[in-house]
Structures are given as structure tokens and as C-alpha cells.
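Notes follow once the structure below has been shown.
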Amino acid sequence: VQLQASGGGLVPPGGSLELSCTSQRFRMWNYDVAWFRQAPGKEREVISCIRTAEGSALYVGSMKDRFTISRDNTRNAVILEIDNLTPEDSAIYSCAALWPGVYRHPRCLQYTYEHWGHGTQVTVSS
């Protein structure tokens, strides 16, 4: 396991969470990183990604309003903040990393990521 996702838990609807993706092996600021989630019975979907180049971030269209991805280099982490959680956000959230430069285009939502870790469970329920 190369990456560690943490910060999940049981949250009431309307609440917020901050998920963290860290690594004991990698300096996260050197990698393009993406967050994914997979709900029971559904395929894994990408949420957001952040590139090393210019720190640019992309979001899947429906996620843009409530999800924020950022880097916290003091913690060697990539953070995903989720606001106004709904039960539909319940899923296992995981992160993945890729050494930059593998792809020539900046559409990091479409990258095939190489390094993964175990996810963290987010459950939204009252």
C-alpha cells in the first residue's frame, strides 16, 4: 500500500468532511493526485484531481460545487473537502497518484493512475 486515505466516518446530512491522502513513501507534492469514490453496487468514479503543474485542479462537473481538492505540503497530503454531504455521497473514498509527465495533456481526470492505497469509508446518515 503506497498511499493512505483517511478522515472518513459517519456524518449527518448537511455535514462536512476533510479527507486526507498521504504517503510514507512518496513526497505527494511531486505527484499528480486524484480522488475517487465507489458506492456499493456502483462503479468507481473519479471526483477530482490536482496536478503538480501550476497546482491546477479539475473536478467532475457535478462535483464542482461541493468538493475542494488542495495540497497541504506540511502534512505531505492531498486534501479533499466535502461540504453539504448527502446520503448519496456514502462510499469508499480513495486516492491515487501518478508521476507527472506521463501524459502530455492536462486532463488529469482521464489519467490512468499508478499508485493506489486503501480507501476510507464515508457514511452519510442521520
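Quantities reported herein were computed from a predicted structural model and do not represent experimental measurements. Note: hydrogens, waters and symmetry copies are ignored here, and every other heavy atom, side chains too, is used.
The backbone N or O of L58 sits less than 3.5 Å from a side-chain atom of S48, completing a donor-acceptor pair. No side-chain donor-acceptor contact under 3.5 Å links D83 to the backbone of S16.
With sequence neighbours excluded, no residue forms a side chain to side chain donor-acceptor pair (under 3.5 Å) with T68. Scored by the side chain to side chain contact (heavy atoms under 4.5 Å, CB included) test, D65 finds no partners at all (sequence neighbours excluded). The side chain to side chain donor-acceptor pair (under 3.5 Å) check on R75 picks up E18, D72, with sequence neighbours excluded.
Connection of L10 to L85 is not established within any shared hydrophobic cluster, with ILVMFWY side chains joined at heavy-atom distances below 4.5 Å, either directly or through further cluster members. Both V11 and Y93 belong to a single network of hydrophobic side chains, linked directly or stepwise wherever heavy atoms of I, L, V, M, F, W or Y lie under 4.5 Å apart. Under a hydrophobic clustering in which Ile, Leu, Val, Met, Phe, Trp and Tyr are joined whenever their side-chain heavy atoms come within less than 4.5 Å, directly or via other members, Y103 and Y31 fall into the same cluster.
When all heavy atoms of A5 and S94 are compared, the closest pair comes out as CB-CA, 4.5 Å. The minimum heavy-atom distance between P13 and S125, with the atom names listed, is CD-C, 3.6 Å. Contact record, G8 with V122: CA-CG2, 4.0 Å, taken as the closest heavy-atom pair.
Residues E45 and V60 form no side-chain contact, since every pair of their non-hydrogen atoms from C-beta on lies 4.5 Å or further apart. Side-chain contact between M28 and L3 is present, with at least one heavy-atom pair separated by less than 4.5 Å. Annotation: side chain of D89 is not in contact with side chain of L17 (no heavy-atom distance under 4.5 Å). Using a 4.5 Å heavy-atom threshold, the side chains of D32 and W99 count as separate. Residues Q24 and Q4 form a side-chain contact, since some pair of their non-hydrogen atoms from C-beta on lies under 4.5 Å apart. Using a 4.5 Å heavy-atom cutoff, the side chains of I79 and S70 are in contact.
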Would V78 and L80 count as a side-chain contact (heavy atoms from CB on, under 4.5 Å) if you check the C-alpha gap in whole Å, the side-chain angles of each, and the deciding distance to 0.1 Å?
CA-CA 7 Å; V78 173; L80 183 71; over 6 Å; no
What do the steps show when you test F26 against H115 for side-chain contact (heavy atoms from CB on, under 4.5 Å), and what is the final call?
CA-CA 10 Å; F26 303 134; H115 309 290; 3.6 Å; yes
Could you walk me through whether L19 and W35 pass side-chain contact (heavy atoms from CB on, under 4.5 Å), step by step?
CA-CA 10 Å; L19 305 181; W35 278 97; 3.7 Å; yes
Test side-chain contact (heavy atoms from CB on, under 4.5 Å) applied to C49 and Y59, step by step
CA-CA 7 Å; C49 58; Y59 300 87; over 6 Å; no
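In this structure, the ring of W116 has its center less than 6.0 angstrom from the ring center of F36.
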